Amino acid sequence: TLVKTLANSLDLIDGTLEFGHNVMLGYHAQNHLDSLKSNATVLENVIEANRELSEQQVRGLLGQFLLQKDDVFKKVGVLSGGEKNRVSLCCLLAKQANFLILDEPTNHLDMASADILASTLSEFKGTILFVSHDRSFIDTVATHVFVVANGKQSALFEGKLKDYEEVAERSGFPNILKA
């Protein structure tokens, strides 16, 4: 709910939400299929995300996510769940947003694709807010861990998951990873 609200996919319950000057939001929903055109090709979907990119640039981006050669001419509707997820992520990255919100971005991805995504995002120069259950992905990408415990307590911890566990133990904050 928090991620969807921040991404403007759900209305605020109360208050206001305002992003800073020049923030360009990119959102990858857990149900990313809504953002893809199933009758269009892989290449067409990514070009539609940013018409300023050349076909060569789009093919380069797709190639980073293991979508190469004739694969770019497949209709999105015939792709596997993991392939659709990779196309959706390519569309997101093509938009050149500087604030990415990702809801379970490694769902349906094989280990190689999840590693490619983590590597790509770890080099991203903007801000990333993501929800994930993939500990390897979290430890590659995260610089801070935001924890909501028991639906009541929340805190932001600097570092990776192990850093959160160490600080939580010292401070008495609940360690949700031991549950």
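Given the structure is predicted, the values throughout are model-derived calculations rather than measurements.
Side chain of Lys95 to backbone of Gly26: no donor-acceptor contact under 3.5 angstrom is found. Judged by distance alone, with hydrogens and angles left aside, the side-chain atoms of Thr140 form a donor-acceptor pair with the main-chain N or O of Ser136 at under 3.5 Å. Of the possible donor and acceptor atoms, none in the side chain of Ser119 sits under 3.5 Å from a partner among the backbone N and O of Asp115. Listed for the Asn98 side chain is no donor-acceptor partner under 3.5 Å among the backbone atoms of Gly126. Between the side chain of Lys4 and the backbone N or O of Ser9, no donor-acceptor pair lies under 3.5 Å. Proximity of a side-chain donor or acceptor of Ser80 to a complementary backbone N or O of Glu83 within less than 3.5 Å is detected.
Counting heavy atoms from C-beta outward, Thr41 and Lys74 have side chains that stay 4.5 Å or more apart. A 4.5 Å side-chain heavy-atom check between Glu169 and Asn175 finds every atom pair outside the cut-off. Proximity of Thr143 to Glu158: side-chain heavy atoms (C-beta onward) are nowhere separated by under 4.5 Å. Within the 4.5 Å cutoff, the side chain of Val87 has heavy atoms near those of the Leu67 side chain. In this structure, Leu129 and Phe99 have side chains that are in contact, with non-hydrogen atoms separated by less than 4.5 Å. Using a 4.5 Å heavy-atom cutoff, the side chains of Glu166 and Arg170 are in contact. Looking at heavy atoms from C-beta onward, Leu100 lies out of side-chain contact with Thr127 at the 4.5 angstrom threshold. Residues Val58 and Leu61 fail the side-chain proximity criterion, which asks for heavy atoms closer than 4.5 Å.
Rounding to the nearest 0.5 Å places CD1 of Ile128 at 4.5 Å from CG of Leu121. The distance from atom CD1 of Ile47 to atom CD of Gln57, rounded to the nearest 0.5 Å, is 10.5 Å. In this structure, Ile138 CD1 and Thr106 OG1 are separated by 8.5 Å, a value rounded to the nearest 0.5 Å. Between the CZ atom of Phe65 and the OG atom of Ser113 there is a distance of 8.5 Å, given to the nearest 0.5 Å. Rounded to the nearest 0.5 angstrom, Leu53 CG and Gln96 CD are separated by 5.0 Å. Atom CG of Leu17 is separated from atom OG1 of Thr5 by 8.5 Å, given to the nearest 0.5 angstrom.
When only modelled atom types and interatomic distance are considered, Ser88 and Asn85 share no side-chain donor-acceptor pair under 3.5 Å.
Leu6 and Met24 are assigned to two separate hydrophobic clusters, defined by single-linkage of ILVMFWY side chains at heavy-atom distances under 4.5 Å. There is a path of hydrophobic side-chain contacts, each under 4.5 Å, that joins Phe124 to Val145. Using a 4.5 Å cut-off between side-chain heavy atoms of Ile, Leu, Val, Met, Phe, Trp and Tyr, with links allowed through other members, Leu2 and Leu102 fall into different hydrophobic clusters. Using a 4.5 Å cut-off between side-chain heavy atoms of Ile, Leu, Val, Met, Phe, Trp and Tyr, with links allowed through other members, Met111 and Leu66 fall into different hydrophobic clusters. Taking hydrophobic clusters as Ile, Leu, Val, Met, Phe, Trp and Tyr residues chained together by side-chain heavy-atom distances below 4.5 Å, Val167 shares a cluster with Ile176.
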#### Entry: side-chain contact (heavy atoms from CB on, under 4.5 Å) assessment of Ile101 paired with Phe130
CA-CA 6 Å; Ile101 298 178; Phe130 67 90; over 6 Å; no
### Query
Is there a side-chain contact (heavy atoms from CB on, under 4.5 Å) between Val42 and Asn45 once you walk through the steps?
CA-CA 5 Å; Val42 168; Asn45 269 274; 6.0 Å; no
#### Entry: Chi angles and distances behind the side-chain contact (heavy atoms from CB on, under 4.5 Å) call for Asn107, Gln30
CA-CA 8 Å; Asn107 279 1; Gln30 196 168 11; 3.4 Å; yes
### Query
Yes or no on side-chain contact (heavy atoms from CB on, under 4.5 Å) for Val147 and Tyr164, after CA distance, side-chain angles and deciding distance?
CA-CA 9 Å; Val147 179; Tyr164 150 66; 3.6 Å; yes
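When ring centroids are compared, Phe157 and Phe173 come within the 6.0 Å threshold.
Minimum heavy-atom separation, Gln153 to Pro174: OE1-CG, 3.2 Å. Among all heavy-atom pairs drawn from Leu177 and Arg135, the shortest one is CD2-NH2, 3.5 Å. Of all heavy-atom pairs spanning Leu156 and His144, the tightest one is CD1-CB, 3.8 Å. The two residues Ala114 and Asp134 come nearest to each other via the heavy atoms CB-OD2, 4.3 Å. Closest approach of Arg86 and Leu109 over heavy atoms only: CG-CD2, 3.5 Å.
Within a 6.0 Å sphere centred on CG of Leu12, other residues, nucleotides and ligands contribute more than 12 heavy atoms.
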